[in-house]
Amino acid sequence: MALGDALSGALRLLLTLDTHVWSAVIVSLRVSLLATVLSVLIGLPIGFLVAARQFSGRRVIEILLNTATALPTVVVGLLVYALLSRRGLLGPLGLLYTQSAMVIGETILVAPLMAALTVAVVSGADPRIEETALTLGASRFGAAISVFVETQRGLLAAITTSFGRLISELGIALMVGGNILDSTRTMTTTIALETSKGDLALGFALGLILLSVALAVNGAVAVLTPSRA
């Protein structure tokens, strides 16, 4: 298929609201958003504690978190597959090849990234923020909230980065999702499958949507956290 034909075919699929296209979009957004929320709930408090407190072994934890951010997706997919397979520890739950399995795998993938980025953001905050809050009578928790507010722009960028990695994730979705039509098929797995079959139009259509989602998320963050310059 020529490039021009593929692009025109992609536009036609988007304009006619092709059900397979939008099914993949909805699955991708649902799984990515759920995994992002869980990653924030897990990674942000861990990162905040590591950055804000001095304790023995802190440097080791930072190194482990930074190392975990480079985990290959296929390794995480293999781990989750082993846990959820019929003979795995969580096999009786019957989660393999479901969206829940994809959420679990993607949360494991991105929670360390969220924690590591939070450590970097909070460590870079002015230490006088916490000191001033404590001097004014705030509790430790209140002082932490002050640091959180002052670093919200960086933390939002960390969340955006985590979501961006998830919406474009492929290995885990294939290994534990199974790429089942209208069930666990995401934009990336659909692109991989249809491209191998020579259907470039569908791949381009979903690629355009992926880029649009990334642009929309980054635009929203820019609007919510305007530059102080």
Side-chain angles (χ1 to χ4, degrees), residues 1-42 72-74 76-77 80-81 84 93-111 113-114 156-224:
M1 178 181 288
L3 179 60
D5 294 337
L7 289 174
S8 62
L11 291 176
R12 184 170 59 254
L13 288 171
L14 294 174
L15 294 175
T16 57
L17 302 178
D18 182 85
T19 55
H20 294 324
V21 170
W22 294 109
S23 171
V25 173
I26 291 171
V27 171
S28 290
L29 290 175
R30 181 185 296 141
V31 171
S32 300
L33 286 172
L34 283 173
T36 300
V37 170
L38 291 175
S39 300
V40 170
L41 292 176
I42 296 170
T73 59
V74 289
V76 178
V80 177
Y81 181 88
L84 299 182
L93 297 177
L95 295 178
L96 192 61
Y97 303 135
T98 66
Q99 292 181 23
S100 296
M102 296 160 68
V103 171
I104 292 171
E106 295 191 354
T107 300
I108 293 174
L109 176 71
V110 166
L113 174 63
M114 186 66 217
L156 270 174
I159 295 171
T160 305
T161 301
S162 300
F163 177 79
R165 180 162 190 193
L166 290 175
I167 197 70
S168 59
E169 197 283 325
L170 174 62
I172 294 173
L174 273 176
M175 294 178 73
V176 303
N179 203 19
I180 302 170
L181 182 63
D182 296 335
S183 176
T184 61
R185 187 167 294 179
T186 65
M187 286 188 278
T188 53
T189 59
T190 303
I191 291 172
L193 176 67
E194 299 302 328
T195 300
S196 68
K197 294 162 57 178
D199 188 352
L200 300 184
L202 185 52
F204 275 122
L206 291 169
L208 289 172
I209 294 175
L210 266 175
L211 290 175
S212 299
V213 170
L215 180 61
V217 171
N218 284 287
V221 171
V223 170
L224 291 173

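Note that the structure is a prediction, hence the values are computed from the model and not measured. Each residue takes its place number in the sequence, starting with 1.
For the pair Thr188 (side chain) and Glu169 (backbone), a donor-acceptor distance under 3.5 Å is present. Between the side chain of Arg185 and the backbone N or O of Ile180, no donor-acceptor pair lies under 3.5 Å. When atom types are taken as modelled, the side chain of Thr107 and the backbone of Leu38 share no donor-acceptor pair closer than 3.5 angstrom.
Annotation: the span from Tyr97 atom OH to Met175 atom CE amounts to 9.0 Å, rounded to 0.5 Å. The line from CG of Leu29 to CG of Leu166 is 11.5 Å long, rounded to the nearest 0.5 Å. Here CG of Leu210 is found 9.0 Å from OG of Ser212. Values are rounded to the nearest 0.5 Å. The line from OG of Ser162 to CD of Glu106 is 11.5 Å long, rounded to the nearest 0.5 Å. Between the CG atom in Leu41 and the CE atom in Met114 there is a gap of 10.0 Å [rounded to 0.5 Å].
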TODO: Take Val110 and Phe163 through the test side chain to side chain contact (heavy atoms under 4.5 Å, CB included) and record every step on the way to the result.
DONE: CA-CA 9 Å; Val110 166; Phe163 177 79; over 6 Å; no
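Residue Val176 comes nearest to Tyr81 through the heavy atom pair CG1-N, 3.8 Å, listed as atom of the first residue, atom of the second, then distance. Considering every non-hydrogen atom in both Ser39 and Ala111, the closest pair reads OG-N, 3.7 Å. Here the closest heavy-atom approach between residue Thr184 and residue Gly177 is recorded as OG1-O, 2.6 Å. Of all heavy-atom pairs between Thr186 and Ser28, the closest is CB-OG, 3.1 Å. The heavy-atom pair separating Leu95 from Ser100 by the smallest distance is CD2-CB, 4.0 Å. Smallest separation of non-hydrogen atoms from Ala101 and Leu84: CB-CD1, 3.5 Å.
Contact check for Leu170 versus Thr73: no side-chain heavy atoms found under the 4.5 Å cut-off. You'll find the side chain of Ile172 stays beyond 4.5 Å of the side chain of Ile108, heavy atoms only. At a threshold of 4.5 Å between non-hydrogen side-chain atoms, the residues Gln99 and Leu34 do not count as touching. Contact check for Met187 versus Ile167: side-chain heavy atoms found under the 4.5 Å cut-off. Considering only heavy atoms from C-beta on, Val21 comes within 4.5 Å of Ile209 through its side chain.
Each of Thr190, Asp182, Leu206, Val25 was compared with His20 under the side-chain contact (heavy atoms from CB on, under 4.5 Å) criterion, and only Asp182 meets it.
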